[in-house]
Amino acid sequence: MGLKLAERVAANPSTGSATARPEDIFLAWLFWLPKNADLLEAASREIQRIDSRAIDAEGPQQLKALFMALIENLRGGRAY
């Protein structure tokens with residue numbers, strides 16, 4: 001029986017910090033989602049959250065690209 005995500009985050013102070021890699025944030029988000037979550041809807045909401053903050057930094061834009069790639073993959077390769 002492993003640690004739940006929230007316990008792992010609490011045990012690792014670097015998780016969720018400003019130095020967290022977009023890939024790590026994306027994976028944590030995927031593990032956090034409920035089992036029956038609508039991935040298309042959830043990823044679209046995250047893109048909207050990133051866009052609403054109007055941050056043009058490399059990290060958030062890379063994270064947005066990961067969400068966009070997920071959406072494209074789920075739609076069978078069609079563009080976002």
Side-chain angles (χ1 to χ4, degrees):
M1 183 172 210
L3 291 174
K4 293 181 182 175
L5 181 61
E7 293 167 337
R8 289 194 308 249
V9 169
N12 184 357
S14 67
T15 304
S17 70
T19 61
R21 296 178 329 141
E23 296 86 356
D24 295 333
I25 294 169
F26 182 77
L27 286 175
W29 174 83
L30 279 174
F31 287 122
W32 169 84
L33 287 174
K35 182 179 180 179
N36 296 325
D38 181 339
L39 290 175
L40 277 169
E41 181 181 325
S44 295
R45 278 195 313 265
E46 293 303 317
I47 290 171
Q48 289 172 349
R49 285 173 41 150
I50 292 168
D51 286 345
S52 72
R53 291 189 172 98
I55 300 172
D56 198 27
E58 184 176 341
Q61 293 306 312
Q62 288 176 343
L63 183 57
K64 179 180 173 180
L66 290 169
F67 287 121
M68 291 174 68
L70 173 63
I71 290 171
E72 182 178 342
N73 184 274
L74 291 171
R75 289 182 173 166
R78 293 187 302 268
Y80 170 70

Side chains of I71 and L40: does their closest heavy-atom pair fall under 4.5 Å? yes
Heavy-atom donor-acceptor pair, Q62 side chain to A57 backbone, under 3.5 Å: no
Any pair with a residue in residues 47-67 that passes ring pair (Phe, Tyr, Trp, His ring centres under 6.0 Å), sequence neighbours left out, goes on the list, sorted by first then second residue, please. F26-F67, W29-F67
Side chains of E72 and M68: closer than 4.5 Å at any heavy-atom pair? no
One should read off an interatomic distance between E41 CD and L74 CG, to the nearest 0.5 angstrom, of 12.5 Å
Minimum heavy-atom distance between L70 and A43, given as atom pair plus value: CD2-CB, 4.1 Å
In a check of side chain to side chain contact (heavy atoms under 4.5 Å, CB included) between I25 and each of L30, L66, L63, which one passes? L63
State the CZ-CG distance between R21 and L27, to the nearest 0.5 angstrom. 8.5 Å
Nearest 0.5 Å, what's the CG-OG distance between L39 and S44? 10.5 Å
Where is the tightest heavy-atom contact between G59 and P22, given as atom of each residue plus distance? O-CG, 3.5 Å
Side chain proximity check, D51 to K64, heavy atoms < 4.5 angstrom: yes
Working to the nearest 0.5 angstrom, can you tell me the gap between D56 CG and I50 CD1? 12.0 Å
